[in-house]
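Below: the structure, in structure tokens.
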Amino acid sequence: AVFKTQDIEVIEEQKQMRRGRALLSSKASDGIDFGKISRLILLRHGQSIWNKSPTFTGWTDISLTERGREQAREAGELLKARGLSEISIAFTSELERAWETCEIVCSILKSTTIVRDWRLNERHYGAFQGIKKNDQGLISRYGEDHIINIRRSLHTAPPPLEPVPKFGPATESLADCRARVLEAFHDLVKPALFSTPQQGGCIVLVVAHSNTLRGLLSHLDEVDEDLVPGLHVPNSVPIVYDFDLDTQQPVAPMLDSDAQGRGGSHARWLLSEQNQSKILKALKPGGLLTRALFESWDLDRSGCLSAAEIAQGLKQVESDTALFAMARRIVRRVEHDFEGTVTVDQWDKLSTQVIAEFRHLESQRDGGTIVNSPEGGGAISPATQPKVHAAVEPSPSKPVILGSK
């Protein structure tokens with residue numbers, strides 16, 4: 001067992017005391033009024049038919065698969081479980097895979113106001129639309145390097161669609177797509193987020209596509225242009241930003257995301273048992289992932305983890321050897337140093353220390369040779385090794401607002 005046998009009532013009493021201290025300290029910190037927070041939820045549509053067999057989709061109006069509809073339901077249930085059911089308004093694209101995902105999510109959240117806008121459509125892939133990404137004819141004609149450059153650079157567009165469509169672009173670079181998405185954000189989404197500061201905050205949902213959401217993520221987190229094409233956006237994983245109504249700036253501190261070199265993010269990814277594999281692919285162990293673990297294990301949303309919650313949470317990550325080994329090491333330190341309960345700030349500090357230790361072990365390896373986990377958790381592969389980043393500065397504990405300190 002991870003924890004020694006303890007009296008459950010004592011554990012819960014300790015947790016309530018920590019929670020009380022967190023609430024008291026929050027009132028005197030940062031000058032932020034946590035009653036005046038607006039939340040933006042970004043969600044990529046569920047799996048589409050052409051996602052299943054990777055094809056350049058763009059503006060082609062492709063339906064969801066049954067798995068995609070299931071992912072949309074899972075996302076809706078996750079948002080509901082996290083207390084994010086009161087959606088003021090939802091925005092989505094004119095493409096079926098996005099608006100159907102939006103309708104499924106909103107039906108679970110009892111939200112009825114949905115606005116479609118073509119500027120939230122996926123990037124237009126021009127003449128590539130409808131062709132499989134590994135099509136040998138396409139590769140022979142344009143060359144693999146050029147195709148990769150079109151997909152992963154900011155300013156290179158595919159050859160245009162012929163004949164030229166009556167409405168919309170004939171092709172787009174990622175920069176072209178981002179420009180129209182940001183126009184929609186400033187015209188529609190931002191006013192909805194900040195229109196009624198005197199009445200308190202609201203929750204706004206945007207359901208769109210991988211490239212349109214890349215554009216929004218890069219804007220909200222001020223990502224360098226050369227990193228924008230590498231932003232990873234999995235299907236149906238809610239990505240949440242909190243904004244102060246007065247400053248209109250993100251409330252949550254930047255945590256390292258380590259998603260293909262994208263740098264830090266103010267967002268918080270919502271982790272569940274259903275979407276866990278997608279988040280593990282997108283985020284290596286580090287700031288955003290360890291915070292997502294904390295929030296998914298904090299079942300009563302108290303801002304503290306008890307021994308029972310951590311023990312239950314460990315069962316969810318048993319399949320990921322490296323992550324499980326690190327989480328177990330954090331848990332043992334929680335038991336030893338914090339008497340079986342831990343706040344979010346303590347969790348951040350511990351996870352940063354543990355990741356640094358695992359990174360040090362990686363540096364001791366000879367040419368990527370697999371080594372055994374010091375916690376007895378099994379082998380750690382080079383692909384899943386964490387990276388060390390600057391430690392998260394500890395600050396006085398306060399109520400968790402979607403990962404905010």
Fill in: Ring geometry between W59 and F167 (parallel below 30°, tilted from 30 to 60°, perpendicular above 60°)
tilted
Worksheet entry | I203 CD1 to S85 OG distance, which is reported to the nearest 0.5 Å | 7.0 Å
Practice prompt. Ignoring hydrogens and angles, tell me if any N or O in the side chain of T60 forms a donor-acceptor pair with the backbone of G58 under 3.5 Å.
Written response: no
Worksheet item: Where is the tightest heavy-atom contact between G201 and L245, given as atom of each residue plus distance?
Response: N-CD1, 3.5 Å
Discussion item. Please check: side-chain N/O of T171 versus main-chain N/O of P158, any donor-acceptor pairing under 3.5 Å?
Written reply: yes
Discussion item. Looking at every heavy atom in both A72 and V105, which two are closest together, and how far apart are they?
Written reply: O-CG2, 3.5 Å
Practice prompt. Please assess S218 against L231 for the test side-chain contact (heavy atoms from CB on, under 4.5 Å), listing each intermediate value before the final yes or no.
Written response: CA-CA 8 Å; S218 67; L231 301 186; 4.0 Å; yes
Response to the item:
Interatomic distance, CZ@R151 vs CG@L174, rounded to 0.5 Å, equals 12.0 Å
Discussion item. Could you tell me if the side chain of H45 sits less than 4.5 Å from the side chain of N235, heavy atoms only?
Written reply: yes
Practice prompt. May I ask you to test the H266-L220 pair for a side-chain heavy-atom distance under 4.5 Å?
Written response: no
Discussion item. Below 30° counts as parallel, above 60° as perpendicular, anything between as tilted: where do the rings of F56 and Y125 land?
Written reply: tilted
Worksheet item: CD of E96: more than 12 outside heavy atoms within 6.0 angstrom?
Response: yes
Item to complete: Give a yes or no on whether the backbone of D226 and the side-chain of D224 come within a donor-acceptor separation of less than 3.5 Å.
Response: no
Item to complete: May I ask you to test the V240-L42 pair for a side-chain heavy-atom distance under 4.5 Å?
Response: no
Practice prompt. Mind checking salt bridge (charged side-chain N to carboxylate O under 4.0 Å, His left out) for D117 and listing every partner two or more places apart, or none if nothing turns up?
Written response: R119
Fill in: Check against side-chain contact (heavy atoms from CB on, under 4.5 Å), T57 and R97
CA-CA 11 Å; T57 308; R97 57 191 183 274; 3.5 Å; yes
Practice prompt. Could I get the full list of salt bridge (charged side-chain N to carboxylate O under 4.0 Å, His left out) partners for E225, not counting sequence neighbours?
Written response: R178
Worksheet item: Counting distance only, does the side-chain N/O of N211 pair as donor-acceptor with the main-chain N or O of E122 below 3.5 Å?
Response: no
Discussion item. Which heavy atom of S173 sits nearest to which heavy atom of A157, and what is that distance?
Written reply: N-CB, 3.6 Å
Discussion item. I want to check something: taking the side chain as every heavy atom from C-beta on, are Y241 and L217 in contact at a cut-off of under 4.5 Å?
Written reply: yes
Worksheet item: Taking only residues two or more places apart in sequence or in another chain, which ones pass side chain to side chain contact (heavy atoms under 4.5 Å, CB included) with E70?
Response: R67, R73, E74
Fill in: Salt bridge flag under 4.0 Å for residues R180 and E172
yes
Discussion item. Go through it in stages, so that I can follow the logic: the residues are L205 and L40, the test is side-chain contact (heavy atoms from CB on, under 4.5 Å), and I'd like the CA-CA distance, side-chain angles, deciding distance and then a yes or no.
Written reply: CA-CA 6 Å; L205 172 67; L40 174 63; over 6 Å; no
Worksheet, complete the sentence: Rounded to the nearest 0.5 Å, the CD atom of E183 sits from the CG atom of L120 at a distance of 10.5 Å
Discussion item. Any heavy-atom pair between the side chains of V237 and R44 that's under 4.5 Å?
Written reply: no
Practice prompt. Spell out, as yes or no, whether a donor-acceptor pair under 3.5 Å connects the side chain of E100 to the backbone of S63.
Written response: no
Response to the item:
CG of L188 to CD1 of I89, rounded to nearest 0.5 Å, is 8.0 Å
Discussion item. For the backbone of A75 and the side chain of S236, can you confirm whether one donor and one acceptor N or O come within less than 3.5 Å of each other?
Written reply: no
Worksheet item: Got H209 and R123 here, is their nearest side-chain heavy-atom distance under 4.5 Å?
Response: no
Practice prompt. Please name the pair of heavy atoms, one in S93 and one in N121, separated by the smallest distance, quoted to 0.1 Å.
Written response: CB-OD1, 3.2 Å
Item to complete: Evaluate whether atom CD of E222 has more than 12 neighbouring non-hydrogen atoms of other residues, nucleotides or ligands under 6.0 angstrom away.
Response: no
Practice prompt. Would you indicate whether the side-chain heavy atoms of C106 and I114 approach each other to under 4.5 Å?
Written response: yes
Worksheet entry | Considering all heavy atoms, the nearest H146-T156 contact | CE1-CG2, 4.2 Å
Worksheet item: Can you name the nearest heavy-atom pair linking T101 to G46, along with the distance?
Response: OG1-N, 3.1 Å
Practice prompt. Please round to the nearest 0.5 Å and tell me the distance separating atom CD1 of I41 and atom CZ of R268.
Written response: 14.5 Å
Item to complete: Starting at CH2 of W99, measure out to CZ of R116 and round the result to the nearest 0.5 Å.
Response: 5.0 Å
Practice prompt. Run the numbers on L109 and K80 for side-chain contact (heavy atoms from CB on, under 4.5 Å), then give the verdict.
Written response: CA-CA 6 Å; L109 304 180; K80 184 178 179 180; 3.9 Å; yes
